[in-house]
Each structure stands twice: as structure tokens, then as C-alpha cells.
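In what follows, a structure is listed as C-alpha cells, so that the remarks can point back to it.
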Amino acid sequence: MVGLSAGEKHFLQGGIAQDLRSDGRKRLTYRPISVETGVIPQANGSARVRIGATDVIASVKAELGKPNPLQPDKGKVSIYVDCSPTAAPMFQGRGGEELSTELSVALQRSLLGGKSGAGAGIDLSSLIVVEGKICWDLYIDGLVVSADGNLLDVLGAAIKAALSNTGIPKVNISAAASPEEQPEVDISDEEFLQFDTSGVPVIVTLTKVGRHYIADATSEEESQMSSAVSFSINRHGHICGLTKRGGAGLDPSVILDMISVAKHVSEQLMTELDSKISAAEAYEAES
């Protein structure tokens, strides 16, 4: 955790109360965002996103697998986050492992919806090749390179950018001799289907410091929080997932107000990300 003196805490909390944070931002403003795509050539899709001094890389690897017998019409997605020990002192030893697990679970909840798949931001049925027999398994890996607060939002943005950069190879299927047999597949090296990311949400975390909540908190600001709620919100303003951190309870009326604020913030973040991803992909195509 960040150690602050009594004077620094008072300055930080006083600034937030007056809607002027220590780096000059208003309560609901994000730090500058930068996006690079195609940063890992071996992956099917990858991206590096920096928001302020928080820097993460996400990669997507697609492999053919077999659908879960309970969900024969859906592909599979697994998300794993690794916190580099050099990213922050708290990541050394067990601290990094615990945070990696916490972030992985929160991202699964935010992007994949409930166990039934309801509310999922990633359309798992689009990953089916042959129902009940062959599907695409997507392995999404996130790496925290540098941490200065708001990790979940930045990881969510990097995954969205990596998915929009993902090409799934076209698969030609030869009919099996009998229904019991596994059909033969031929994976194209040249034709790729672009992954549809229109339903992939952005994650907006509102961090409560004193009586106010702020977006895109830095590590210093997070050290003063009483609680934080992360909302996963799609393009239509629907909430796909919700994760709460911190010990302090929140009144239902506060949660409802936070939802309304998060939806407003998510629209700006979605627009900003869309334009940054498009620019990054145009730059990658030229170079």
C-alpha cells in the first residue's frame, strides 16, 4: 500500500471534495489513454494499453477444442492475469498471486456474465465450429507491466483492444463418416474472421474516497478509499457485471447513483477507446 503522511492525506481528500484532484483532474476524468495493437506477433490478437502510469498487455490465443457437454452450442473463454513482480513492490511474493487471482475472477465476471452465460460481453456461440463437437477455445492473458491504480479498468480496455485485433482462422469441415465420429477440419493459414467486439463492455471503477467517488483512481487515491465498485457496461448502457472491493458497505441508493454515473462515464470511455483502437489498427496496418 502507498504510505501517505497526514498532510498528504488531507490534501488528497480535500482536493477530491472540491472536484480538483492532485494531478489536476476532475473527479470523473480519466488520465490520458494510449493504445497499441499487434504487440505480440505469435498471438491471434494483442494490445498494450496505458492509462496514466498503469501499463498492461493483453493477448488472445485461439485453439480448437471440444465444447462443454452442458453447453454444446458455446465455445470457451478463459482469462488469466499475471502481475509482474517488477510492476509494484506489493506484487512480490504472495501479494502478486493473490491480486492476479482477484483480477482474473473479476474480469471473468465482467466479460463472461453468469454461469449460464447470461449477460456475457463475449458471444460464446460465435466460437462454435460444429455444435457439440468442435469449438474455439480463447485463452486471454493479461500482464500488468506497471501499476499506478485502476488495474481492472485498464485490463478490461486492453482485452477489448486485443479482441478487436484478433483474427480467428477460417475452418473448413469435412463431413464425418458417421454422427459419432469427429469431423475432420482444415484450418486456413490465409483467411481470418475478424472477432466481433461490438458487445464487449468497458469496465468503469468508481472509488469512494470520503463522501465522493472518483473514476480512474491512482494508487495514492486507492490507498484512501473506503470501497470501490467496478461496473462492466456495454455499448447500449446495459450492466454486464459488477464487482465490489473494500470493507465499507454501501447503501442501495448510493449504488443506484453510482450506476447512473458509471453509465455516463462509460459512454465517454467507450468513445475514446474506439477511436484509439481504430487509430492503433490503422497505424499497425501501415507499418
Side-chain angles (χ1 to χ4, degrees), residues 33 35-40 43-49 57-65 67-68 71-80 107-114 116-142 153 155-173 185 187-204 231-241 263 266-267 269-285:
I33 299 173
V35 177
E36 288 175 71
T37 53
V39 292
I40 302 176
N44 292 84
S46 60
R48 181 173 195 164
V49 172
I57 295 172
S59 68
V60 181
K61 196 84 180 124
E63 292 181 4
L64 284 178
N68 184 326
Q71 294 181 312
D73 60 340
K74 288 184 167 69
K76 303 196 292 288
V77 175
S78 56
I79 301 173
Y80 178 72
L107 286 164
Q108 298 246 16
R109 196 178 296 149
S110 299
L111 298 171
L112 303 179
S116 64
I122 297 174
D123 178 13
L124 299 181
S125 56
S126 69
L127 300 174
I128 279 292
V129 179
V130 179
E131 189 168 325
K133 295 192 172 180
I134 303 170
C135 71
W136 284 107
D137 290 345
L138 292 190
Y139 296 94
I140 301 175
D141 288 295
D153 295 22
L155 282 162
I159 289 172
K160 186 174 173 65
L163 285 169
S164 77
N165 182 245
T166 297
I168 305 276
K170 195 171 179 191
V171 179
N172 297 311
I173 301 144
V185 294
I187 302 171
S188 171
D189 290 333
E190 293 163 7
E191 286 188 88
F192 294 88
L193 307 170
Q194 210 55 35
F195 192 83
D196 178 19
T197 58
S198 57
V200 178
V202 291
I203 299 172
V204 172
F231 302 91
S232 162
I233 304 172
N234 69 14
R235 203 173 293 280
H236 307 294
H238 299 150
I239 292 189
C240 306
K263 284 184 178 180
S266 75
E267 286 172 20
L269 180 59
M270 185 79 78
T271 305
E272 173 85 349
L273 258 184
D274 283 347
S275 92
K276 289 282 164 84
I277 291 168
S278 299
E281 301 216 299
Y283 178 78
E284 187 195 342

Inset, instruction - State which residues pass salt bridge (charged side-chain N to carboxylate O under 4.0 Å, His left out) with Glu36; sequence neighbours excluded, sorted by chain then number. - result: Arg50
Legend entry - Euclidean distance, Ile122 CD1 relative to Leu112 CG, rounded to 0.5 Å: 5.0 Å
Inset, instruction - Count the heavy atoms belonging to other residues, nucleotides or ligands that lie under 6.0 Å from CG of Asp189, then report whether that count exceeds 12. - result: no
Legend entry - Qualifying residues under side-chain contact (heavy atoms from CB on, under 4.5 Å), relative to Asp141, sequence neighbours excluded: Ser59, Tyr80
Inset, instruction - Would you mind reporting whether Tyr283 and Ser278 have side-chain heavy atoms less than 4.5 Å apart? - result: no
Legend entry - By side-chain hydrogen bond (donor to acceptor under 3.5 Å, both in side chains) - contacts of Asp137 (at least two apart): Lys76
Inset, instruction - Provide the closest heavy-atom pair for Leu155 versus Gly142 in the form atom of the first, atom of the second, distance. - result: CD2-CA, 4.2 Å
Legend entry - Distance, nearest 0.5 Å, that separates CD1 of Ile233 from CG of Leu269: 9.5 Å
Inset, instruction - Return the set of residues passing salt bridge (charged side-chain N to carboxylate O under 4.0 Å, His left out) with Lys61 (not counting sequence neighbours), or none when no residue passes. - result: none
Legend entry - Residues forming a side-chain contact (heavy atoms from CB on, under 4.5 Å) with Pro201, sequence neighbours excluded: Leu111, Ser232, Asn234, Cys240
Legend entry - Residues in side-chain contact (heavy atoms from CB on, under 4.5 Å) contact with Thr197, at least two apart in sequence or another chain: Leu163, Ser164, Phe195, Val200
Inset, instruction - Verify side-chain contact (heavy atoms from CB on, under 4.5 Å) between Tyr139 and Val60, making sure each step is shown before the conclusion. - result: CA-CA 6 Å; Tyr139 296 94; Val60 181; over 6 Å; no
Legend entry - Non-hydrogen atoms of Pro169 and Trp136 that approach each other most closely: O-CZ2, 3.5 Å
Inset, instruction - Taking salt bridge (charged side-chain N to carboxylate O under 4.0 Å, His left out) as the test, write out the residues that go with Glu272, two or more places apart. - result: Lys276
Inset, instruction - Can you measure from CG (Asn44) to CZ (Phe192) and round to the nearest 0.5 angstrom? - result: 7.5 Å
Inset, instruction - Using the test side-chain hydrogen bond (donor to acceptor under 3.5 Å, both in side chains), find all partners of Asp123 that sit at least two apart in sequence or belong to another chain. - result: Ser125
Legend entry - Ser266 side, atom OG; Leu273 side, atom CG - distance, nearest 0.5 Å: 11.0 Å
Inset, instruction - Measure across Ala47 and Ala158 and return the closest heavy-atom pair with its distance rounded to 0.1 Å. - result: CB-O, 3.8 Å
Legend entry - For Arg235, side-chain contact (heavy atoms from CB on, under 4.5 Å) partners two or more places apart: Lys160, Met270, Asp274
Inset, instruction - Using atom types as modelled and distance alone, determine if a side-chain donor or acceptor of Ser46 lies under 3.5 Å from a backbone N or O of Val39. - result: yes
Inset, instruction - Please list, chain by chain and in numerical order, all residues satisfying salt bridge (charged side-chain N to carboxylate O under 4.0 Å, His left out) with Glu191, sequence neighbours excluded. - result: Lys170
Legend entry - Over all atoms of both residues, closest heavy-atom pair of Leu64 and Ile187: CD1-CD1, 3.5 Å
Legend entry - Distance in Å, Leu138 CG paired with Ile168 CD1, rounded so as to fall on 0.5 Å steps: 5.0 Å
Inset, instruction - Would you give the length of the straight line joining atom CZ of Arg48 to atom CD1 of Ile40, rounded to the nearest 0.5 angstrom? - result: 9.5 Å
Legend entry - For the student: nearest non-hydrogen atoms of Ile128 and Pro72, plus distance: CD1-O, 3.3 Å
Inset, instruction - Could I get the full list of side-chain hydrogen bond (donor to acceptor under 3.5 Å, both in side chains) partners for Glu284, not counting sequence neighbours? - result: Thr37, Asn165
